[in-house]
Amino acid sequence: MIARRKPGRLLSRAFFEDPPERVAPRLLGKILAHRTRSGILAGRIVEVEAYLGPHNNPPDPAAHTHRGPTPRNQVLFGPAGFAYIYSIYGRYFCANVSCEAEGQGGGILLRALEPLSGMEQMARNRGLKPGAPARMLTSGPGRLCEALGLTRPTHNGLDLLDSASPLQVRDDGFMTTEALVTVRIGITHAADWPLRFTLEGNHCVSGPRSLTGQRILLR
DNA sequence: CTGTGGATTTGCT
DNA sequence: GCAAATCCACAGG
């Protein structure tokens with residue numbers, strides 16, 4: 001007998017219509033779900049990073065939107081709650097969610113999930129044996145996309161809040177009280193800005209365990 | 001834990 | 001044309 005997970009409910013557009021540094025911590029504990037022919041691949045969001053739009057002062061030099069709209073980043077300048085997926089280092093994809101008001105260019109990078117359903121298919125997608133540890137499936141932005149089967153050609157620009165969309169962010173009622181805030185990973189500019197948010201202690205969080213930071217209370 | 005190499009898309013000059 | 005890039009796998013200590 002397979003236990004059916006609580007699917008949760010879709011989030012509202014308003015949830016995402018705030019600056020990235022405010023939406024990012026709010027996203028912790030929510031669920032990213034991909035409906036595929038081979039089942040639902042889903043996990044709880046345990047690590048995110050905020051990337052600020054170019055209207056900020058000073059602008060965020062690490063953000064893809066830093067120099068304004070381009071063909072690649074146009075989704076980030078659209079309405080909030082859409083998937084921005086880009087390719088990186090020739091081998092991987094990374095998934096983001098557009099946020100704040102249309103035209104503002106804010107985004108949130110999804111860096112790690114705790115797998116909830118479809119682990120066997122995730123392992124296949126990642127080229128691992130069934131039963132591979134959760135960490136190896138969805139810990140890291142490239143791994144996360146590979147595990148869920150997300151690519152730019154098929155998933156960039158999808159509405160994450162639409163009941164008909166194959167890719168959604170959902171809320172199953174999971175409550176968190178505290179987040180750890182650290183600097184972002186893998187960037188060279190604005191390397192000291194505290195814009196990475198994690199569920200401290202969750203073993204699917206990527207990156208060095210030694211990264212220290214401030215704890216904040218979640219509303 | 002650290003270091004290092006693979007690999008290609010993007011956008012600027 | 002080229003440098004940079006929101007990375008990952010693997011080897012070695």
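Residue numbers begin at 1 in each chain, while the letters A, B, ... track the order of the sequences.
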A:Phe197 side chain reached by A:Leu27 side chain, heavy atoms, under 4.5 Å: no
A:Lys30 and A:Arg44, any side-chain heavy atoms less than 4.5 Å apart: no
First encountered from the 5' end of DNA chain C, between A:His189 and A:Arg143: A:His189
[X] side-chain proximity, nearest of [options]:
X: A:Tyr92; options: B:dT9, B:dC12, B:dG6; value: B:dG6
X: A:Pro141; options: C:dC7, B:dA7, B:dT10; value: C:dC7
X: A:Ile88; options: C:dA5, C:dA9, B:dT10; value: C:dA5
X: A:Thr188; options: C:dA9, C:dA5, B:dG11; value: C:dA5

Shared hydrophobic cluster for A:Phe82 and A:Leu160 (ILVMFWY, side-chain gaps under 4.5 Å): no
Specify the separation, in whole Å, of atom [atom1] of [X] and atom [atom2] of [N].
X: A:His66; N: B:dC12; atom1: NE2; atom2: P; result: 11 Å
X: A:Arg184; N: C:dC7; atom1: CZ; atom2: C1'; result: 16 Å
X: A:Ile85; N: B:dT8; atom1: CD1; atom2: P; result: 20 Å
X: A:Arg67; N: C:dA3; atom1: CZ; atom2: P; result: 15 Å
X: A:Phe93; N: B:dT10; atom1: CZ; atom2: C1'; result: 13 Å
X: A:Asn156; N: B:dT10; atom1: CG; atom2: P; result: 10 Å
X: A:Leu128; N: C:dC10; atom1: CG; atom2: P; result: 9 Å
X: A:Arg126; N: C:dC8; atom1: CZ; atom2: P; result: 8 Å

side-chain hydrogen bond (donor to acceptor under 3.5 Å, both in side chains) between A:Arg196 and A:Thr182, intermediate numbers included: CA-CA 5 Å; A:Arg196 173 176 174 260; A:Thr182 76; 2.9 Å; yes
Touch class at under 4.0 angstrom, heavy-atom based, for A:Arg196 against every strand present: nothing
G-U wobble or Watson-Crick pairing nucleotide for B:dA7 (cut-off 3.5 Å, both distances): none
Polar pair under 3.5 Å, donor/acceptor by atom type, side chain A:Arg91, base B:dG6: yes
Modelled atom types, side-chain donor and acceptor of A:Arg152 and A:Ser87, under 3.5 Å: no
A:Arg152 side chain near B:dT9 phosphate (N/O to OP1/OP2, under 4.0 Å): no
Below 4.0 Å: OP1/OP2 of B:dG11 and any side-chain N or O of A:Thr70: yes
